[in-house]
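Below: the structure, in structure tokens.
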There are 2 protein chains.
Amino acid sequence: MAKKGINQDIIQKTNRSLLLKYLRREGTCSRVHLANLTELKQATVTNIMKDFIDWEIVKEVGFLNGNKGRRSIGIAVNKDMFRVIGVRIARKYFKVALYDLTGELITEKRIELENETNRNASDIIEMVADSIKTIIIDNNNEKILAIGVALPGPFIAKKNRIGLITGTEGWNNVDVRQLLLERCGIPVFLEHDANAGAYAHMWGLKDAYKDEVLIYVAAGQGIGAGIIIEGEIFRGALGTSGEIGHMSIDRFGEKCACGNQGCLEKYASSTELVKKVNEELNLEVAVNFKQVKEWIENGDELCVNLYKESCRNLGRGIINLINILNPDIIIIGDEMTRPNPKIMQEEVSETVSKGILKELWKEIDLKVSQYNGDSILDGAAIMAINEVFNNPSIFLEKI
Amino acid sequence: MAKKGINQDIIQKTNRSLLLKYLRREGTCSRVHLANLTELKQATVTNIMKDFIDWEIVKEVGFLNGNKGRRSIGIAVNKDMFRVIGVRIARKYFKVALYDLTGELITEKRIELENETNRNASDIIEMVADSIKTIIIDNNNEKILAIGVALPGPFIAKKNRIGLITGTEGWNNVDVRQLLLERCGIPVFLEHDANAGAYAHMWGLKDAYKDEVLIYVAAGQGIGAGIIIEGEIFRGALGTSGEIGHMSIDRFGEKCACGNQGCLEKYASSTELVKKVNEELNLEVAVNFKQVKEWIENGDELCVNLYKESCRNLGRGIINLINILNPDIIIIGDEMTRPNPKIMQEEVSETVSKGILKELWKEIDLKVSQYNGDSILDGAAIMAINEVFNNPSIFLEKI
DNA sequence: CTTTATTAATAAATTCTTTTAATATATTTA
DNA sequence: TAAATATATTAAAAGAATTTATTAATAAAG
């Protein structure tokens with residue numbers, strides 16, 4: 001979008017968003033504490049919290065024990081007053097889940113799409129909408145403020161129209177937001193899946209928000225990255241940033257459908273790992289990732305070696321990311337970390353530490369995700385919550 | 001830096017910076033015109049311009065012809081009221097130049113460092129300071145508001161302390177800003193050279209500032225990139241973003257001093273091009289880039305072919321940049337574009353167009369710089385001007 | 001030549017922020 | 001109990017953009 005003059009709305013939006021992040025992470029704390037964390041003045045915190053309390057999304061919860069002086073009044077997100085829905089649409093399944101306002105998962109449903117190959121995008125969206133309605137009814141028609149949806153990419157995100165441009169057929173230029181909005185009548189927010197994962201990880205960090213650049217690398221069937229700069233998702237010109245799966249690490253490498261050759265996906269995705277295992281074994285019936293994962297877990301030499309190689313290749317991609325973006329934190333997640341996170345951590349660290357300047361390696365925080373749950377699904381919901389706290393109009397009508 | 005709450009200062013700083021960018025680009029225009037360009041209200045423009053005019057950095061310049069209605073009052077940057085100094089420190093020379101407040105070059109001096117290999121950083125800074133003093137005296141002691149300095153990288157920029165960490169010896173952890181400030185007594189602003197180049201190019205664009213992401217690729221003896229996001233330089237965690245020269249495009253490629261292998265610099269820098277030419281010719285006395293450039297200009301087949309290969313390799317690096325950052329604009333500049341910009345444009349475009357998704361290629365603006373002058377030197381000065389417009393305290397003391 | 005519509009710039013009042021400073025409140029400690 | 005300390009709130013202030021109204025200048029229409 002055009003870079004235009006800015007006004008006061010942006011101040012408050014930023015400060016509200018920041019206060020929410022801290023308040024949720026702290027669980028229960030005092031206003032003064034929030035003021036210290038955000039470097040806002042106490043009065044500012046009081047003002048914003050007064051709004052939040054009016055809107056019933058924050059509440060006071062008794063007193064906190066202090067050492068000296070007046071006791072603090074504990075405040076916390078009023079997590080059970082409203083709900084949000086998180087949706088993750090993947091290539092072979094989708095999930096719909098209910099969350100409280102702190103981003104805590106309440107209930108989750110997963111629907112397989114393996115046998116639905118003849119369905120087009122709007123059919124699937126219909127299924128998603130039905131699941132949403134069901135989950136709402138099953139939970140006593142609780143008040144839902146928003147729906148956050150995570151989608152696989154790459155996609156063009158301009159003008160709120162999301163068109164998947166590779167992978168699944170029939171998703172080109174589909175206006176997912178509009179279709180879901182029509183069917184559910186609740187505000188819908190879309191996000192690229194890796195971005196959602198990155199956002200969830202940022203929330204989960206112990207001392208988050210102090211970092212300028214966080215990258216979440218989703219290494220699964222494909223490889224994508226979510227890039228967060230100063231607490232905000234970085235999307236690039238068309239919303240396709242973070243397509244690191246199609247970054248080349250080998251100029252003489254294998255051709256890829258994207259036109260490039262030597263794409264990282266060809267060397268570090270689970271799809272390719274499984275392919276290589278099958279090539280080596282040459283069995284009658286090809287094995288799948290689940291099987292390969294088991295073999296790696298059991299220490300099968302061939303599989304472990306191929307896995308290690310994939311990890312090292314991923315490391316080579318991460319070296320490039322570091323040189324270009326100089327992030328504070330890189331978190332590796334998704335399918336490829338699951339067979340053996342320890343090996344992944346070791347191989348990637350080994351590769352990266354050798355491939356970048358010592359001064360950079362000393363400062364960077366590179367780790368395999370230890371996220372408990374589905375960060376992409378959670379991230380979709382969390383982004384919706386963030387929108388809610390910033391756009392009171394969304395739910396003011398509902399009160 | 002920590003992500004903290006924000007306040008009104010940021011609003012005005014942003015709006016001032018934006019108005020400056022547009023006003024300088026328009027040359028002379030009306031307040032209404034600026035209001036339209038920035039989407040600020042007329043009254044806001046009037047207010048900010050009133051300040052600028054008070055501080056004598058903007059002036060009214062008669063009337064403009066309109067079609068109907070009241071004539072506009074022309075306003076323009078009061079370019080000759082003050083001056084700024086731009087400095088570019090390169091590995092084998094440095095330049096010091098005087099600029100007016102629109103960023104127009106007035107006079108420039110270049111000092112070679114080829115025979116100064118025994119000098120350390122502070123000696124060189126001493127030389128720079130002397131040149132600055134001389135240029136000021138030679139120009140009737142005009143009022144200098146600030147000094148902008150562009151330096152080669154990579155460097156750690158935290159805490160204003162710039163330490164060059166590769167290349168030239170003796171530059172580790174040198175506080176260039178402080179040293180220059182002590183010697184000149186004028187505010188000093190530092191920037192990585194590729195970032196300065198990017199900034200100058202942004203200023204030079206005809207319809208600039210509407211783009212979210214601009215990347216300037218400085219392909220010279222080394223290869224660096226300046227990344228601009230929403231009109232601001234993106235520096236990353238430590239200030240080393242844009243080190244694309246050490247992005248690997250060949251996982252089996254040649255070892256590099258940085259620890260990585262297959263670094264882009266080994267395939268697309270002028271240093272390597274010259275090396276390859278020398279390897280092929282195996283002459284008694286090795287040729288330098290100037291000679292190679294001449295041969296390319298004259299269409300020597302060997303040199304042209306090697307040059308084309310370098311361009312294609314650069315294209316492969318740019319493909320990676322696009323996949324990761326999804327920029328609106330990429331501008332290629334510096335030494336490597338000079339032998340034959342047309343070939344560079346063709347080879348890079350050819351390579352990139354084949355290596356990214358059609359949907360992305362359609363939207364991206366990829367071009368060889370046609371910048372007239374030294375964008376890195378200019379950029380250093382321009383950034384200083386930007387600081388001046390945002391920090392009136394800098395020069396208010398001088399009035 | 002006068003009127004009208006149009007455009008530009010400014011001024012005053014308004015609104016919406018955060019911040020400052022003062023005040024009230026509550027708790028510990030001496 | 002008094003003093004010190006810490007938290008929270010309130011009212012006023014400060015600073016920003018915006019809205020509304022006003023003044024001014026010009027071209028076009030009649």
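Here is the naming used below: chain letters follow the sequence lines, and residue numbers restart at 1 for every chain. Please read these numbers as outputs of a predicted model, since none were measured by experiment. Computed over heavy atoms, backbone and side chain alike; hydrogens, waters and symmetry mates excluded.
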Taking only nitrogen or oxygen atoms into account, show me every contact under 3.5 Å that the protein makes with nucleotides 3-5 of chain D, one pair per line with its distance.
none

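Summarising the geometry, the separation between NE2 on B:His33 and P on C:dA9 is reported as 11 Å, rounded to the nearest angstrom. One atom, CZ of A:Arg31, and another, C1' of C:dA24, lie 15 Å apart when rounded to the nearest Å. Rounded to whole angstrom, the span from the CD1 atom of A:Ile11 across to the C1' atom of D:dA14 amounts to 13 Å. Atom CD in B:Glu39 sits about 10 Å away from atom P in D:dT18, given to the nearest Å. Atom CG of B:Leu40 is separated from atom P of D:dA16 by 14 Å (rounded to the nearest Å). Computed from coordinates, the A:Asp51 CG to C:dC16 C1' distance equals 12 Å when rounded to whole Å. The separation between A:Lys13 atom NZ and D:dA16 atom C1' is 19 Å, rounded to whole Å. Rounded to an integer number of Å, the gap from B:Ile10 CD1 to C:dT18 P is 12 Å.
Relative to the side chain of B:Val32, the nucleotides D:dA8, C:dT18, C:dA9 differ in distance, and C:dA9 lies closest. The A:Thr44 side chain lies nearest to C:dT19 when the options are C:dA8, D:dA8, C:dT19.
Each of B:Val388, B:Leu101, B:Asn386, B:Thr102 was checked for a side chain to side chain contact (heavy atoms under 4.5 Å, CB included) with B:Leu20, and the lone residue meeting it is B:Asn386.
B:Ala380 is linked by a side chain to side chain contact (heavy atoms under 4.5 Å, CB included) to B:Ala150, counting only residues two or more places apart in sequence or in another chain. Residues meeting the side chain to side chain contact (heavy atoms under 4.5 Å, CB included) test with A:Lys41, sequence neighbours left out: A:Thr44. Every residue two or more places apart in sequence or in another chain was checked for a side chain to side chain donor-acceptor pair (under 3.5 Å) with A:Asn47, and none qualifies. Every residue meeting the side chain to side chain contact (heavy atoms under 4.5 Å, CB included) condition with A:Met49, not counting sequence neighbours, appears here in chain and number order: A:Leu19, A:Leu23, A:Arg31, A:Leu34, A:Val45, A:Phe52, A:Val58, A:Ile75.
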**Request:** Show your reasoning for whether salt bridge (charged side-chain N to carboxylate O under 4.0 Å, His left out) applies to A:Glu56 and A:Lys143.
**Result:** CA-CA 12 Å; A:Glu56 299 184 271; A:Lys143 287 182 200 157; 5.9 Å; no

**Item:** Audit row: B:Ile233, B:Glu191, side chain to side chain contact (heavy atoms under 4.5 Å, CB included) steps and yes/no
**Value:** CA-CA 10 Å; B:Ile233 292 169; B:Glu191 196 51 74; 3.7 Å; yes

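Here the straight-line distance linking atom SG of B:Cys184 with atom CD1 of B:Ile85 works out to 8.0 Å at 0.5 Å rounding.
Backbone-only engagement by B:Ser30 is indicated by non-hydrogen atom pairs under 4.0 Å involving sugar-phosphate atoms exclusively.
At least one donor-acceptor pair closer than 3.5 Å links the side chain of A:Ser241 to the backbone N or O of A:Phe234.
A close approach under 4.0 Å does not occur between any side-chain nitrogen or oxygen of B:Asn15 and OP1 or OP2 of D:dA16. The shortest distance between the side-chain N/O atoms of A:Thr46 and the OP1/OP2 oxygens of D:dA8 is not below 4.0 Å.
Nearest-nucleotide mapping onto DNA chain C: of B:Cys29 and A:Gln42, the residue sitting toward the 5' end is B:Cys29.
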**Prompt:** Given pairs defined as Watson-Crick or G-U wobble with both distances under 3.5 Å, what dot-bracket annotation applies to DNA chain D, with ( ) intrastrand, [ ] crossing, | other strand and . unpaired?
**Reply:** ||||||||||||||||||||||||||||||

